[in-house]
Amino acid sequence: MATKVRVRFAPSPTGGLHLGGVRTVLFNYLFARHHGGDFVLRIEDTDNTRFVEGAEQYIMETLRWCGMEPDESPAAGGPFAPYRQSERKASYMQYAEQLVAQGHAYYAFDTPEELEEMRNAFKSAENPSPQYDHRLRMKMKNSLSLGEEEVGRLLSEGVPYVVRIKMPEQETIGFTDMIRGEVSFSTSTVDDKVLLKKDGMPTYHLAVVVDDYLMQITHAFRGEEWLPSAPVHLLLWKYLGWSDAMPQWAHLPLILKPDGNGKLSKRDGDRLGFPVFAMNWTDPRSNEFTQGFRERGFLPEAFVNMLAMLGWNDGTGKELFSMTELISAFDMSRVHKGGAKFDFEKAKWFNHEWIKTAPAERLLPDVKDVLKTADISAVDDSYVKQVIDLVKERCTLLPDFAEQAGFFFKAPAAPDMEPVKAKWNLDKTLFFTDLPAVLEALPTWNAIALEAAFKEMAAARAIKVGELQLPFRLMLVGGKFGPAVFDIAALIGKQAVINRIKKGLESLA
RNA sequence: GCCGCGUUGGUCAAUCGGUUAAGACGCAUCCCUUUCACGGAUGAAUGACGGGUUCGAUUCCCGUACGCGGUACCA
């Protein structure tokens, strides 16, 4: 019998969501949908010193933008509410106590200063960072080293304490990672991690295990940086008596910086000129601003597609996937083990592909926004859509529409005729002087009729059509770019064409 | 230092022991187009190193190197 698949994305609300974070959500989401399961968003705000105002809303908004709405979340609620760990404080304490009572954890009264002292005292060349572990714990102040009455006294006096897990001295512990296969560790090298902090809040280690159990999570996916603490979690599942309910795990590879080595950070984006956050983010504390993919002009479809291909592929060579296609093709076992360097050029390629193939209808609101911020008035939707179809293949990022489509709405300020001036002559001046009358007389106004009339007139005057097309383009567009001239002329309309010809002629005079 | 995880062209990557080692991005050249793109064609460029196992290793195993991650009362 199959239990329903339940996965969770569990971020800390400490700032904007970067590429790696969004990809973790994506893989969770794809897995859940692929298996018809639930996708829950749980906010891991156990460290109130790192809590950042607005981060949770930012996360929600990012998920919405990407089309990955959670089934259960702080905002949407759900059968396992609350979904913020800060609101579940009481339950963690209870389990911590249970572990102490069973002898799998203990109270530790060491102050931060004492901890610091210990680290200094035992620091050596071959052990630069001494751990609070089985070798040292009897030298510290805790319920293992202190007498029972002493512990009772400290407790009753209200001396602050933390709860630490008691790692076995020598045990090999392992699990099967869905991506990496068998992974094992020796408990002798793992320290006695703090489970419950002195403020009564759990650390990540206790909180994930308790909540994954309570929320009946069946599969837990997280970044590779969590692999080293897996043995702590494994033991917790066992000590709490929940081994049978333990989720299957997968540790996702990291997204690396494009140059050099190391994890991609928002600094790299600033340095190299590309976004690393999903959406714009301004840190309320430092006022530091970080640009997002959305504001840079990425379509969420492209953003998601690009992220999915960073560390995963379906093995066929197919690269362009819609969310629906991703959902049906996604398979955790095909996720890579090694990290992938982020390549902004490739990211842009994905966006270009999506813009090129998107129906004008889909692009309409975005393009209208772009035009609006460029101070171009575009009110007629059906006209805008025709423009979109004409120019979309030359737009990589959404803001490109401002340049590529602008001249359909506004005549070029002062057409720069420089590129054709060298070869200009009286015949050409005459051609364009007479052109408006010919256009006026045209019975039908469309690209084909326009081109025919234009070419016929050129032939009659023995001027090469090619020599006339560039000046015509410059008059209409204002630059050496854009779709076929006659398509442009047909769309902007007879009067606009005539006006622009006249202005162009003036610039040539 | 210790522990863990990785390593196929510049980048993303296919291959699940036998191929001339796919494909994509980027780059270069050409065609199309007397604009810019799109599209098409072609090209340069790859299995970290050393041992095994095997008739045969990019693929399996072991070392080494290198990289990354962890080593917090942060997640």
Side-chain angles (χ1 to χ4, degrees), chain A residues 10-14 44-47 49-50 108 110-112 115 119 123-133 160-164 177 179-180 183-186 188-191 193-205 207-208 222-231 251 253-254 256 258-263 306 309-320 336-350 352-353 356 391-396 400 403-404 419 464-470 472-474 476-477 479-485 488:
Chain A
S12 295
T14 55
E44 310 227 332
D45 54 350
T46 53
D47 183 4
T49 66
R50 295 214 313 158
D110 317 270
T111 64
L115 253 20
R119 290 190 183 110
K123 198 180 335 190
S124 66
E126 51 297 343
N127 186 12
S129 47
Q131 308 205 94
Y132 201 122
D133 61 12
Y161 65 88
V162 301
V163 174
R164 286 181 180 270
D177 186 283
I179 296 171
R180 289 154 212 281
V183 183
S184 67
F185 310 81
S186 164
S188 65
T189 61
V190 183
D191 61 334
K193 287 267 180 274
V194 170
L195 263 20
L196 202 68
K197 300 184 260 191
K198 73 161 180 270
D199 63 359
M201 285 295 267
T203 57
Y204 171 83
H205 308 296
V208 246
R222 50 173 23 168
E224 190 182 357
E225 67 271 23
W226 287 110
L227 206 40
S229 54
H251 290 85
L254 265 17
L256 279 11
D259 59 342
N261 295 302
K263 208 155 59 149
M306 174 271 288
M309 302 311 292
L310 226 44
W312 175 85
N313 68 78
D314 74 346
T316 68
K318 180 178 161 76
E319 287 191 285
L320 267 9
H336 272 221
K337 297 181 175 84
K341 286 186 182 176
F342 176 66
D343 179 3
F344 190 53
E345 290 306 317
K346 185 79 184 228
K348 285 196 293 192
W349 175 79
F350 276 106
H352 193 189
E353 290 297 313
K356 247 166 45 189
V391 306
K392 64 184 183 185
E393 73 184 21
R394 53 209 93 206
C395 295
T396 299
D400 295 344
E403 187 188 31
Q404 293 294 335
K464 279 190 218 152
V465 190
E467 302 243 332
L468 296 167
Q469 282 198 39
L470 186 57
F472 193 32
R473 166 177 302 280
L474 259 18
L476 300 184
V477 174
K480 290 174 74 172
F481 63 93
V485 246
I488 297 171

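A note on names: the letters A, B, ... follow the listed sequences, proteins ahead of strands, and every chain is numbered from 1. These figures come from a predicted structure and were not determined experimentally.
- Regarding Lys392(A), its NZ atom lies at a distance of 17 Å from the C1' atom of C36(B), rounded to whole Å.
- Between the side chains of Tyr204(A) and Asp47(A), not a single donor N or O lies within less than 3.5 Å of an accepting N or O.
- Nearest nucleotide to the His352(A) side chain, out of A37(B), C25(B), A75(B): A37(B).
- Among the protein residues, Gly311(A) comes within range of the sugar-phosphate backbone only, with heavy atoms under 4.0 Å from sugar or phosphate atoms but none that close to a base.
- The phosphate of A14(B) (OP1 or OP2) has a side-chain N or O of Asn313(A) nearer than 4.0 angstrom.
- For the pair Lys464(A) NZ and U34(B) P, the computed distance is 13 Å after rounding to whole Å.
- In this structure, U35(B) forms no base pair with any nucleotide, since neither Watson-Crick nor G-U wobble geometry is met with both distances under 3.5 Å.
- For C36(B), the OP1/OP2 oxygens have no side-chain nitrogen or oxygen of Arg473(A) closer than 4.0 Å.
- For Lys193(A), counting side-chain heavy atoms from C-beta on, the closest listed nucleotide (U35(B), C3(B), U71(B)) is U71(B).
- Checking U35(B), A75(B), C12(B) against every side-chain atom of Tyr204(A), the shortest atom distance belongs to A75(B).
- Taking atom NZ of Lys346(A) as the reference point, atom P of A24(B) lies 9 Å away to the nearest angstrom.
- At the heavy-atom level, Thr46(A) lies under 4.0 Å from the strands shown only through sugar-phosphate atoms.
- The separation of U46(B) from G9(B), taken at their C1' atoms, amounts to 4 Å, rounded to a whole angstrom.
- Spacing between atom CG of Leu195(A) and atom P of A75(B) amounts to 12 Å, rounded to whole angstrom units.
- Within the 4.0 angstrom heavy-atom criterion, no nucleotide atom of any strand lies near Pro11(A).
- In terms of phosphate contacts, Lys341(A) brings no side-chain nitrogen or oxygen within less than 4.0 Å of OP1 or OP2 of G10(B).
- A gap of 15 Å separates the P atoms of U64(B) and C5(B), to the nearest Å.
- With respect to the salt-bridge test (charged N to carboxylate O, under 4.0 angstrom), the residues Arg50(A) and Glu44(A) do not qualify.
- For Glu345(A) and G26(B), the CD to C1' distance is 7 Å, given to the nearest whole Å.
- The side chain of Ser129(A) sits closest to U71(B) out of G70(B), U71(B), A75(B).
- As judged by a 4.0 angstrom heavy-atom cut-off over every strand, Arg119(A) is placed among residues touching the sugar-phosphate backbone only.
- Of the listed nucleotides (G6(B), A24(B), C12(B)), G6(B) has the atom at the smallest distance from the side chain of Arg180(A).
- When heavy atoms are screened at a 4.0 angstrom cut-off, Val183(A) is found touching the sugar-phosphate backbone but no base atom.
- Side-chain contact between Phe342(A) and Met306(A) is present, with heavy atoms from C-beta onward closer than 4.5 Å.
- If you check every strand for non-hydrogen atoms under 4.0 Å, Gly338(A) touches sugar and phosphate atoms only.
- U33(B) and A21(B) have their P atoms separated by 38 Å, given to the nearest Å.
- No engagement by Lys318(A) is indicated, since no non-hydrogen atom pair under 4.0 Å with the nucleic acid exists.
- Looking at heavy atoms from C-beta onward, Leu196(A) lies out of side-chain contact with Met201(A) at the 4.5 angstrom threshold.
- Checking G1(B), A75(B), U35(B) against every side-chain atom of Lys197(A), the shortest atom distance belongs to A75(B).
- In this structure, A22(B) forms no base pair with any nucleotide, since neither Watson-Crick nor G-U wobble geometry is met with both distances under 3.5 Å.
- Between the side chains of Ser12(A) and Thr14(A), no donor-acceptor pair of N or O atoms lies under 3.5 Å.
- With a 3.5 Å ceiling on both atom-pair distances, G9(B) lacks any Watson-Crick or G-U wobble partner.
- Asp199(A) comes within 4.0 angstrom of no nucleic acid atom, judged by non-hydrogen atoms across all strands.
- Between Pro258(A) and Val465(A), it is Pro258(A) whose nearest contact on RNA chain B lies nearer the 5' terminus.
- Lys392(A) places no side-chain N or O within donor-acceptor distance of the main-chain N or O of Arg394(A), the cut-off being under 3.5 Å.
- Remark on RNA chain B: of its neighbouring residues Lys263(A) and Ala125(A), the 5'-side contact belongs to Ala125(A), judged by nearest-heavy-atom nucleotide.
- For the pair His336(A) NE2 and C12(B) P, the computed distance is 10 Å after rounding to whole Å.
- Within 4.0 Å of Glu393(A), counting heavy atoms only, lies at least one base atom of the nucleic acid.
- Following rounding to the nearest Å, Phe342(A) (CZ) and A24(B) (C1') show an atom-to-atom distance of 16 Å.
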Before you tell me yes or no, could you show the steps for Thr46(A) and Thr203(A) under side-chain contact (heavy atoms from CB on, under 4.5 Å), namely the whole-Å CA-CA distance, both residues' side-chain angles and the distance that decides it to 0.1 Å? CA-CA 7 Å; Thr46(A) 53; Thr203(A) 57; over 6 Å; no

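- The pairing partner recorded for C68(B) is G4(B), the criterion being a Watson-Crick or G-U wobble arrangement whose two distances lie under 3.5 angstrom.
- As rounded to whole Å, 5 Å separates atom C1' of A75(B) from atom CZ of Arg50(A).
- Within 4.0 Å (heavy atoms only), Ala230(A) reaches no atom of the nucleic acid at all.
- Remark: C49(B) base-pairs with G63(B). Criterion, Watson-Crick or G-U wobble with two distances under 3.5 Å.
- The pair Lys193(A)-Asp191(A) meets the salt-bridge criterion, with a side-chain N (NZ, NE, NH1 or NH2) lying under 4.0 Å from an Asp/Glu carboxylate O.
- Side-chain proximity of Pro228(A) to the nucleotides G70(B), C68(B), A75(B) is greatest for G70(B).
- For Lys356(A) and A37(B), the shortest distance from a side-chain N or O to OP1 or OP2 is not below 4.0 Å.
- Considering only side-chain atoms of Phe481(A), the nucleotide from A24(B), C36(B), A75(B) that sits closest is C36(B).
- The shortest distance between side-chain heavy atoms of Lys337(A) and Arg180(A) falls below 4.5 Å.
- When both distances must be under 3.5 Å, the Watson-Crick or G-U wobble mate of C30(B) is G40(B).
- When the nucleotides U71(B), G39(B), C73(B) are ranked by their closest atom to the side chain of Glu353(A), G39(B) comes out on top.
- Here C73(B) is the nucleotide among A75(B), C73(B), C5(B) with the atom lying nearest to any side-chain atom of Val194(A).
- Residue-level contact check: His251(A) touches neither bases nor backbone, having no heavy atom under 4.0 Å from any strand.
- U54(B) is unpaired under the criterion used here, namely a Watson-Crick or G-U wobble arrangement in which both key atom distances are under 3.5 Å.
- With C1' as the reference atom, C60(B) and U42(B) are 38 Å apart, rounded to whole Å.
- Contact annotation for Glu467(A): base contact, defined as any heavy-atom pair under 4.0 Å involving a base atom.
- Relative orientation of the Trp226(A) and His205(A) rings is perpendicular, given thresholds of 30° and 60° on the angle between their planes.
- Leu196(A) comes within 4.0 angstrom of nothing in the nucleic acid, heavy atoms only.
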